[in-house]
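Both ligands and their constituent atoms are indexed starting at 1 by order of listing.
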Amino acid sequence: MAPPEPRPIVNAWNEWDPLEEIVVGRADNANFDPTEPGYRPVIRGTRSAGETFPTGPKAAETIARANEELDNLAALLESLDVTVRRPDPMDFGKPLSTPTFDVENQYCSVCPRDVVITLGNQILEATMSRRARFFEYLPYRRIIRDYWNRDPRVSWTAAPKPSMADDMYRTEFWEFSLDERFARMHDFEFCVTQEEPVFDAADITRMGRHLFVQESMTTNRPGIAWLRRELEPRGLRVHTLHFPLDFFPSHIDCTFVPLRPGLVLTNPDRPLKEEEAEFFAKNGWEFLDAPEASCSNDEMPRHCQSSRWLSMNVLSVSPDTVICEEAEHDLHRLLERRGFNVIAVPFRNVYEFGGSLHCATWDVRRSGDCEDYFTNLTDIPAGD
Ligand code: DAV
């Protein structure tokens with residue numbers, strides 16, 4: 001009998017199979033996120049009179065502190081026999097002037113998760129949703145080409161780039177009061193219109209044959225329709241998820257984080273829409289609410305635009321080992337009680353660069369095949 005074919009060098013079907021190869025972001029040349037129609041960064045906590053969100057390059061010291069934690073994560077993963085690759089440097093201070101938009105500077109390469117995703121043997125580059133992140137695929141292109149050259153089974157797809165012109169955005173979104181947001185919570189209309197397909201890769205979570213994509217500030221309905229039309233002929237199923245109480249949703253990995261077959265770490269502030277939750281229950285999946293984060297939103301780093309729920313932005317290295325931020329003791333205890341080994345690493349200094357351990361990585365290869373974990377009920381009733 002012929003020996004089985006080795007797996008493609010790009011192979012990841014879910015968020016938890018044993019990890020073999022990963023890309024870890026880097027903070028070099030990072031800039032502050034500029035204000036643009038799709039984004040309004042704010043300073044956290046107390047502000048002095050007239051203080052505005054900084055622009056331009058981040059301080060060398062801030063970058064060095066983040067890089068230390070990113071390098072430490074890379075070294076930890078290597079010690080676990082995981083192959084680690086790092087993005088190429090890029091000058092994020094460069095302003096962009098394109099036929100459809102201008103922006104004063106770009107952002108950083110700390111969060112590959114937002115930009116690119118592995119779906120089986122396919123590398124898929126997202127459209128992205130913000131101007132400052134339009135070219136963020138570039139620091140990963142050398143790595144992608146290397147995989148593509150080394151293995152003819154690797155498929156490489158870039159989603160169509162949106163215009164990011166003024167009329168792609170609904171700027172009135174930023175003016176709504178919290179009461180108005182509550183009243184509109186089932187409209188799922190955020191800062192991007194429904195004209196052009198738009199998605200960030202981090203709005204997708206993978207559970208074998210079934211992918212779940214949240215409608216958000218960074219992913220619209222045409223974006224999800226594009227994913228469905230692209231991926232369903234390849235045998236995958238694409239479902240839309242909604243978290244009606246998240247008024248500023250962006251990226252699913254602080255809200256709904258699968259840990260192993262049958263178990264999702266969920267956000268107690270952001271319950272999943274009922275019919276959608278039923279789909280998981282009917283298929284025997286359990287939701288495990290994350291404990292309160294170790295700090296409040298106001299105690300998060302001043303320039304960090306993510307919520308305190310970065311606490312649950314964990315990276316699985318296998319179905320029983322999870323890397324967590326070191327200060328999240330309640331989460332460590334909860335996961336340990338559920339039979340997980342927890343590896344704790346410092347990562348706070350990375351937060352203001354857009355995310356924690358899941359955001360700052362892109363898993364390229366995990367052992368394991370495409371499984372179907374949703375065999376009792378295959379469609380979300382009245383959903384997509
Ligand atoms: O809950 O603030 C942040 C995700 C960043 N990539 C949140 C989501």
Among S307, G355, G354, the residue with a heavy atom nearest to atom 5 (C) of ligand 1 is G354
For ligand 1, which atoms sit closer than 4.0 Å to a heavy atom of R270?
1 (O), 7 (C)
Report the part of C359 (side chain from C-beta onward, or backbone N, CA, C, O) that has a heavy atom under 4.0 Å from ligand 1; answer both or neither where that applies.
side chain
Between ligand 1 and M300, can you find any atom pair, the residue atom being a heavy atom, that is separated by under 4.0 Å?
no
What atoms of ligand 1 come within less than 4.0 Å of a heavy atom belonging to S306?
2 (O), 3 (C), 5 (C)
Can you pull out the closest protein heavy atom to atom 8 (C) of ligand 1? Residue, atom name and distance to 0.1 Å, please.
S250 O, 3.4 Å
Heavy-atom closest contact (H303 atom, I43 atom, distance)
CD2-CG1, 4.4 Å
Please assess Y147 against W156 for the test ring-ring contact (aromatic ring centres under 6.0 Å, His included), listing each intermediate value before the final yes or no.
CA-CA 9 Å; Y147 294 137; W156 172 19; over 10 Å; no
Report yes or no: is the cationic atom of R181 (NZ for Lys, CZ for Arg) under 6.0 Å from the centre of the six-membered ring of F247, at an angle within 45° of the ring normal?
no
Just to verify, what does R308 make a side-chain hydrogen bond (donor to acceptor under 3.5 Å, both in side chains) with, not counting sequence neighbours?
D269, E292
Among all residues two or more places apart in sequence or in another chain, which pass the side chain to side chain contact (heavy atoms under 4.5 Å, CB included) test with R260?
L263, P319, R338, F340
re atom 6 (N) of ligand 1, the protein heavy-atom contact at minimum distance is H251 ND1, 2.8 Å
What one should report as the nearest heavy-atom pair of V350 and E69 is N-OE1, 3.5 Å
